[in-house]
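These numbers come from the heavy atoms of this one structure, side chains and all, not from hydrogens, waters or symmetry mates. Quick note on labels: first sequence line is chain A, next is B, and so on, each numbered from 1.
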2 protein chains.
Amino acid sequence: MTATRGHTPVGERLPTLEDVARVAGVSRATASRVINGIRNVDPQLNEQVWNAVGATGYVPNRLARSLVTRRTGTVALVVSDSEAHDDDPFLGRFFADPYFGRVVGGLMSVLRQAGVQLALQIVGTPDQRTRLVGDLRHGQADGAVVLSLPAHDPLPRMLTDAGVPAVLIGRPPEPVPIDYVDLANDTGAALAADHLVGRGARQIAMISGPADVPASSDRVSGFRRAMARHGHGWVPIEHGNFTRESGEAAMRTLLAAQPGLDGVFVANDLMALGAQTALRNAGRRVPDDVRVVGFDDSSAATAASPALTTIRHPLEDMAAEGARLLLARVEDRTMRVSSVIYEPTLVVRDSA
Amino acid sequence: MTATRGHTPVGERLPTLEDVARVAGVSRATASRVINGIRNVDPQLNEQVWNAVGATGYVPNRLARSLVTRRTGTVALVVSDSEAHDDDPFLGRFFADPYFGRVVGGLMSVLRQAGVQLALQIVGTPDQRTRLVGDLRHGQADGAVVLSLPAHDPLPRMLTDAGVPAVLIGRPPEPVPIDYVDLANDTGAALAADHLVGRGARQIAMISGPADVPASSDRVSGFRRAMARHGHGWVPIEHGNFTRESGEAAMRTLLAAQPGLDGVFVANDLMALGAQTALRNAGRRVPDDVRVVGFDDSSAATAASPALTTIRHPLEDMAAEGARLLLARVEDRTMRVSSVIYEPTLVVRDSA
DNA sequence: AACACTTCGGAAAGCGCTCTCCAACCATCC
DNA sequence: GGATGGTTGGAGAGCGCTTTCCGAAGTGTT
């Protein structure tokens, strides 16, 4: 069936508010009021208008509406990657990682109910950043959720300066007056430390992520502090870059330097997978010879063998809270800048 | 610094084209032409306008522009889930699955370069479908990429009827004149069959997905046909629902019915993971006692132990092609309806 | 019955932009 | 020198909607 079958035809174009008004025998203003439920309108006219809406098959034009209301019913999900080239393979990995999807899922769980849609934006170059901020100031979207990847990202600051409602997933690398949700990474690391020690490990090392990523450095400092409390004033740490391969390499290095190692905390599950491979290749059994604790409780953790003991962050909940925070700020821009920190939990499986 | 620092102030509001024109000493029309690079404009005026743009910090308002050009520079990514309740836990799983992210990554790789952004939409109820189609007809987005989950989804048909440019990822369950990209699921299943037989398996079964999902039924029929060619006129098949748990359960059932089983093709990696667990619990070694072949080559496949032999689909490439197809149709709506089918490949790892 | 007070619908002014006309201008040609 | 053709810039009409501002009713009070 064609789209207008059964409707009062109005030529080729889509029915507009004008058409509805004409059919209902009222003015455009009245039709608008009825449709938006503004002010008391005579029940009689009210019905006439709704009938006309039905007869014409009218659907409001969001664009036109947004132009005047300055509200779009859209928030931007900005993936900020300072090194992004146009076909950065890194981005492919990023999207394929469940991290991205979990964030989207968490956001959508809140946004859907508010009837808000999510527009995905990727920015890499300074140029793209400027354009993005410009578009956002124009109300291209009502606000932005920022997934900031690089260590020194000017974007959060630019957004606050421009007065764009924005919320960060993960704390800003440098202090910026911006709303954010984050995980207590240090507490999570401490949980891992306590567990390793509790399981009787004596020679404990850590495989960390890049030093300049906040989440990563927080895990390092949290782990160091907790280990110190357990009497380990110094902990060998090897850096990786959150990939499986880097975890495997780091584990080999660690093992070479300290063959008696019997416990390792790895800053994410993917690297932990690599570490397990390295351990297996070195003839170590997990968890009997070496205890391994990961971080993230990603799907990799349950797929691993032995299944990974790891630190779980409620990423969906965090993202959902971020969405709520953003929506609140869109509503009231003068709201006090706030942050919400989530506590991670230890998930004990087989690796430690 | 405030946003207008260093700019010719124009009061509280953002600079408009009008402001630029005034500063440049030309008419709004001329300023518009310069900014959009239309027609030959006197180089002198051209420069004046660009200077004015710099001086005012002007950024075009996309909304206003879209309203008149009827082009938004946005395509919608529609996740169609007929059973979606407002807080459907299924959707959470869907987003967390790398499938979603890989599609997004593939789409973005093309869309980014075209300067097009992606707006995520989830539709479940008939009501939401109608609204979505209405919005799309209005040019809320230039087109739609549809991820259709349910078996009998009216959405594809609705979109073509409404004349909205759209492309499906995965073939439509019922024939609809709509562009789509898909995987040769049957060929992939045949690959698995050949491999299992080639490895010497004699008693082969399959764990399939829901019968009414095209991708799933194609894998079943492809597998059956290939097995028939190898002389296995009949293959026991147990249904799962693509989750790990259902794979485990299906494997147990299969094993109970046919203890001598020595090869199994599982319609996706996640269920294959579950199947491996069930096999291990039943004291079967993989691949020595039972060979296992999965499907998808998801991250679960490499994380599994033993690592999964599986069928790889180039999902990113497929999504990218989908984006290209859509962009082409947006450009030329009369384009012939076309589909692109990708060939899967066998990835041999340790499980078979 | 005259007054103030409230309620309600319509006219019209935008929101910021594009693009069609049309007038003005320049160069060219007979 | 006037007619011709080709550029180029400006005026202004929209795109579809919301919302302010008013005037016209309707309600209640003295």
[X] side chain: which of [options] is closest?
{"X": "B:V68", "options": "D:dT19, D:dG14, D:dA11", "result": "D:dG14"}
{"X": "A:S27", "options": "D:dG16, C:dC17, C:dG10", "result": "C:dG10"}
{"X": "A:L45", "options": "C:dA11, C:dG9, D:dG9", "result": "C:dG9"}
{"X": "B:A64", "options": "D:dC17, D:dG10, C:dG16", "result": "C:dG16"}
{"X": "A:R70", "options": "D:dC17, C:dC15, D:dC21", "result": "C:dC15"}

Taking the side chain as everything from C-beta on, heavy atoms only, tell me whether A:I178 gets closer than 4.5 Å to A:P172. yes
Answer whether the closest heavy-atom distance between the side chains of B:L120 and B:F100 falls below 4.5 Å. yes
When rounded to the nearest 0.5 Å, the distance separating CD1 of A:I122 from CG of A:D81 is 8.5 Å
Nearest-Å distance for atom pair [atom1]/[atom2], residues [X] and [N]:
{"X": "B:N36", "N": "C:dG16", "atom1": "CG", "atom2": "C1'", "answer": "13 Å"}
{"X": "A:Q44", "N": "C:dC8", "atom1": "CD", "atom2": "C1'", "answer": "14 Å"}
{"X": "A:E47", "N": "C:dG9", "atom1": "CD", "atom2": "P", "answer": "14 Å"}
{"X": "B:E18", "N": "C:dT18", "atom1": "CD", "atom2": "P", "answer": "13 Å"}
{"X": "B:R65", "N": "D:dG16", "atom1": "CZ", "atom2": "P", "answer": "19 Å"}
{"X": "B:R137", "N": "D:dG16", "atom1": "CZ", "atom2": "C1'", "answer": "15 Å"}
{"X": "B:R33", "N": "D:dT7", "atom1": "CZ", "atom2": "P", "answer": "15 Å"}
{"X": "A:I35", "N": "D:dT18", "atom1": "CD1", "atom2": "P", "answer": "8 Å"}

Hey, does [X] reach any base, or is it just sugar-phosphate, or nothing, if we go heavy atoms under 4.0 Å?
{"X": "A:S32", "answer": "base"}
{"X": "B:L63", "answer": "nothing"}
{"X": "B:R28", "answer": "base"}

Determine whether any donor atom in the side chain of B:R62 lies under 3.5 Å from an acceptor atom in the base of C:dG16, or the reverse, and answer yes or no. no
Which sits closer to the 5' end of DNA chain D, B:L67 or B:A29, going by the nucleotide each is nearest to? B:A29
Between the side chains of B:D332 and B:T334, is a donor N or O closer than 3.5 angstrom to an acceptor N or O? yes
Would you tell me if any nitrogen or oxygen in the side chain of A:N61 comes within less than 4.0 Å of OP1 or OP2 on D:dC15? no
Considering the options A:R333, A:R329, A:R336, which one meets the salt bridge (charged side-chain N to carboxylate O under 4.0 Å, His left out) requirement together with A:D179? A:R329
